[in-house]
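Notes to accompany the following structure.
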Protein chains: 2
Amino acid sequence: MVKNCNFIEKLRGLGLRPTKQRVKMCEVLFNREKTFHFTINDLVKMISEEMNEKISLATVYNTVHAFEKKGYLKEITINSDKSYFDTNTSVHHHFYDEDTHELIDCDENDIDPVNIKKNITGKKINSVEVLVKVASDNQNQKKLN
Amino acid sequence: MVKNCNFIEKLRGLGLRPTKQRVKMCEVLFNREKTFHFTINDLVKMISEEMNEKISLATVYNTVHAFEKKGYLKEITINSDKSYFDTNTSVHHHFYDEDTHELIDCDENDIDPVNIKKNITGKKINSVEVLVKVASDNQNQKKLN
DNA sequence: AATCTACATTATAACAATTCTAAACTGTTG
DNA sequence: CAACAGTTTAGAATTGTTATAATGTAGATT
């Protein structure tokens with residue numbers, strides 16, 4: 001487990017002042033075994049529930065964007081509903097469950113490497129990301145409600 | 001050039017009443033040499049500028065979604081700001097130029113078919129989309145934004 | 001052709017996600 | 001510790017989109 005002091009160092013290293021709010025957010029986001037996906041709303045809930053802390057919504061937005069800009073978080077493109085973020089900043093693919101709106105990391109072995117045979121001239125490829133949208137296979141699904 | 005009458009037939013074939021508004025929108029969207037990408041706002045502008053016509057914003061949303069549902073338009077996932085649509089409904093992928101924020105269709109030959117080896121149990125795959133983010137090849141310059 | 005009705009259109013209200021504002025606060029530097 | 005630039009904050013504003021409810025219309029039925 002990473003201690004607060006390390007987050008302070010980490011933040012300084014990124015050129016971000018280690019404010020109370022930012023350190024708290026680091027704890028919520030990065031003091032974990034596994035990486036995960038979240039929306040701003042998820043994160044606000046986590047902060048208030050897990051940390052019993054109140055950070056202004058505007059600050060959560062500011063900080064998430066600051067982290068993203070520094071490459072400490074990654075935005076994932078799913079649908080135009082809302083923004084999703086990932087604490088796993090490596091290049092990897094996703095399944096998106098359209099029923100549950102759940103986002104699941106693809107295992108490295110789930111998808112063969114994507115082979116791009118031709119590129120835009122004068123451009124270099126920054127990332128190649130695959131989004132596999134899935135939904136319930138049940139055709140005769142009963143509508144409850 | 002496709003005549004109105006054909007759009008009327010086309011709409012009927014899709015199970016959509018060929019209203020004045022829908023036929024107008026077909027003309028703006030499909031009476032072209034090449035397919036293209038657009039936002040709702042783009043489309044509203046095109047309707048008023050190219051057709052000198054006024055269609056209610058709600059109708060534009062309704063109709064675009066109706067077309068999408070029938071497979072006459074395709075939604076593309078770029079970012080979460082707003083929805084983008086594509087008059088090219090075939091399965092294809094996109095290059096996204098991070099410098100110019102331009103979206104470019106991948107040619108069929110540009111990317112090999114993506115092979116998904118493992119799926120989520122009980123789910124069927126609805127779509128597989130690849131987004132290739134490219135940027136200037138010049139230097140190792142950081143994004144300035 | 002008049003009538004009927006389910007589907008469409010419309011302006012506007014409502015909504016949700018995000019950004020802006022401007023005042024108060026705080027980490028850092030000297 | 002003083003000064004200041006960077007940060008936080010609540011609330012307002014903005015943006016993209018969906019819901020509402022009254023009015024209009026395409027196409028079938030008479």
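Residue numbers start from 1 in every chain, and the chains themselves are labelled A, B, ... in the order their sequence lines are given, proteins ahead of strands.
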(request) Quick one, give me the B/S/- string for nucleotides 17-30 of chain D, reading 5' to 3', where B means a protein heavy atom under 4.0 Å from the base and S means that only happens at the primed atoms, P, OP1 or OP2. (result) BBB-----BBS---
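- For the pair A:Leu43 CG and C:dA17 C1', the computed distance is 15 Å after rounding to whole Å.
- The A:Asn62 side chain lies nearest to D:dT9 when the options are C:dA8, C:dT10, D:dT9.
- The distance from atom CG of A:Leu11 to atom P of C:dT26 is 18 Å, rounded to the nearest whole Å.
- If you measure from atom CD of A:Glu9 to atom C1' of C:dG27, you get 14 Å, rounded to the nearest angstrom.
- Atom NZ in A:Lys54 sits about 16 Å away from atom P in C:dC25, given to the nearest Å.
- Using modelled atom types, one finds no donor on one side chain facing an acceptor on the other under 3.5 Å when comparing A:Glu129 with A:Thr77.
- For the residue pair B:His94/B:Asp86, the side-chain donor-acceptor check at 3.5 Å is satisfied.
- Note: A:Thr39 OG1 to A:Ile76 CD1 = 11.0 Å, rounded to the nearest 0.5 Å.
- For the pair A:Lys24 NZ and D:dT9 P, the computed distance is 13 Å after rounding to whole Å.
- Between the CG atom of A:Leu14 and the P atom of D:dT7 there is a distance of 12 Å, given to the nearest Å.
- With B:Ser48 contributing its side chain and B:Glu53 its backbone, the two residues share no donor-acceptor pair below 3.5 Å.
- Counting only residues at least two apart or on different chains, no salt bridge (Lys or Arg N to Asp or Glu O under 4.0 Å) pair has a member in residues 39-49 of chain A.
- In terms of phosphate contacts, B:Gln21 brings a side-chain nitrogen or oxygen within less than 4.0 Å of OP1 or OP2 of C:dT10.
- The interatomic distance linking A:Arg22 (CZ) with C:dT26 (P) rounds to 14 Å, in whole Å.
- Salt bridge status for A:Lys118 with B:Asp107: absent, with no side-chain N to carboxylate O gap under 4.0 Å.
- The shortest distance between the side-chain N/O atoms of B:Ser56 and the OP1/OP2 oxygens of C:dT9 is not below 4.0 Å.
- If you take CG of A:Asp42 and C1' of C:dT18, they are 15 Å apart, rounded to a whole angstrom.
- In this structure a side-chain-to-backbone donor-acceptor pair under 3.5 Å is missing from A:Lys133 to B:Asn126.
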